[in-house]
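Reviewing the structure listed below.
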Amino acid sequence: VQLQASGGGLVQAGSSLRLSCEASGLRFREYRVGWFRQAPGMEREFVAAIEWSDGPTNYADSVKGRFTVSRDNAKNTGYLQMNSLKPEDTAVYYCAAVLGDGYADRGPASLIGYDYWGQGTQVTVSS
């Protein structure tokens, strides 16, 4: 199983970026996809997730209304559309995947609720 995150870059505050997470080696449509980020010196934190059924989504409060998570099962790819970027969004962004509804005691925002992780893509937002 491989998850390949891409789409990061250096942008100015207020700009937009779309991150992609291309999956291989798994039946992508059967997996929940989560996005996390880690800023320098900080712990990795939840950003957003989309369920395997392409239905419910979840967002961290800090990105609600600005970020949109989606997926294209035909392309085995998940997306994170990031609008109105702020300097505090600067981080390495990771995508992750877990089969179905994941683990009973680990929700979509749980770091330990995912079995597979991508390598991360850097997002830097200048003020």
Point-to-point distance, once rounded to the nearest 0.5 Å, from [atom1] of [X] to [atom2] of [Y]:
X	Y	atom1	atom2	answer
Asn76	Tyr31	CG	OH	11.5 Å
Asn58	Arg32	CG	CZ	7.5 Å
Tyr116	Leu26	OH	CG	7.0 Å
Lys86	Ser127	NZ	OG	14.0 Å
Leu85	Arg66	CG	CZ	6.5 Å

Indicate the atoms forming the closest heavy-atom contact of [X] with [Y], along with that distance.
X	Y	result
Thr68	Tyr59	CA-OH, 3.4 Å
Ser16	Asn83	OG-OD1, 2.9 Å
Ala39	Ala91	N-CB, 3.8 Å
Leu80	Ala48	CD1-CB, 4.1 Å

Hey, does the side chain of [X] reach the backbone of [Y] with a donor-acceptor pair shorter than 3.5 angstrom?
X	Y	value
Tyr114	Pro108	yes
Arg27	Leu99	no
Ser110	Gly107	no
Glu30	Trp52	no
Arg18	Gln81	no
Thr77	Glu22	no

Group every Ile, Leu, Val, Met, Phe, Trp and Tyr by side-chain heavy-atom contacts under 4.5 Å, then state whether [X] and [Y] land in the same group.
X	Y	value
Val125	Trp35	yes
Val123	Leu3	yes
Tyr79	Phe36	no
Ile50	Val63	yes
Val92	Leu111	yes

Original post:
Can you tell me if CZ on Arg106 sees more than 12 non-hydrogen neighbours from other groups inside 6.0 Å?
Top reply: yes
Original post:
CD of Glu88: more than 12 outside heavy atoms within 6.0 angstrom?
Top reply: yes
**OP:** For salt bridge (Lys or Arg N to Asp or Glu O under 4.0 Å), just list the numbers for Asp61 and Lys64, CA-CA rounded to whole Å, side-chain angles, deciding distance to a tenth of an Å, and then say yes or no.
**Re:** CA-CA 5 Å; Asp61 288 343; Lys64 279 181 182 176; 3.2 Å; yes
Subject >> Between Tyr103 and Asp115: side-chain donor-acceptor atoms closer than 3.5 Å >> reply: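 On atom types as modelled, these side chains qualify, holding a pair under 3.5 Å.
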**OP:** Verify whether one side chain among Thr124 and Gln122 offers a donor that lies under 3.5 Å from an acceptor in the other.
**Re:**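 Thr124 vs Gln122: donor-acceptor pair found between side chains.
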**OP:** Can you label the angle between the Tyr94 ring and the Trp117 ring as parallel, tilted or perpendicular, going by 30° and 60°?
**Re:** perpendicular
**OP:** Measure the acute angle between the ring planes of Tyr93 and Phe67, then classify it against the limits of 30° and 60° as parallel, tilted or perpendicular.
**Re:** tilted
**OP:** Using a 4.5 Å cut-off on heavy atoms from C-beta on, say whether the side chain of Gln119 contacts that of Gln4.
**Re:** yes
Subject >> Evaluation steps, side chain to side chain contact (heavy atoms under 4.5 Å, CB included), between Arg37 and Asp89 >> reply: CA-CA 9 Å; Arg37 67 187 181 186; Asp89 294 319; 2.9 Å; yes
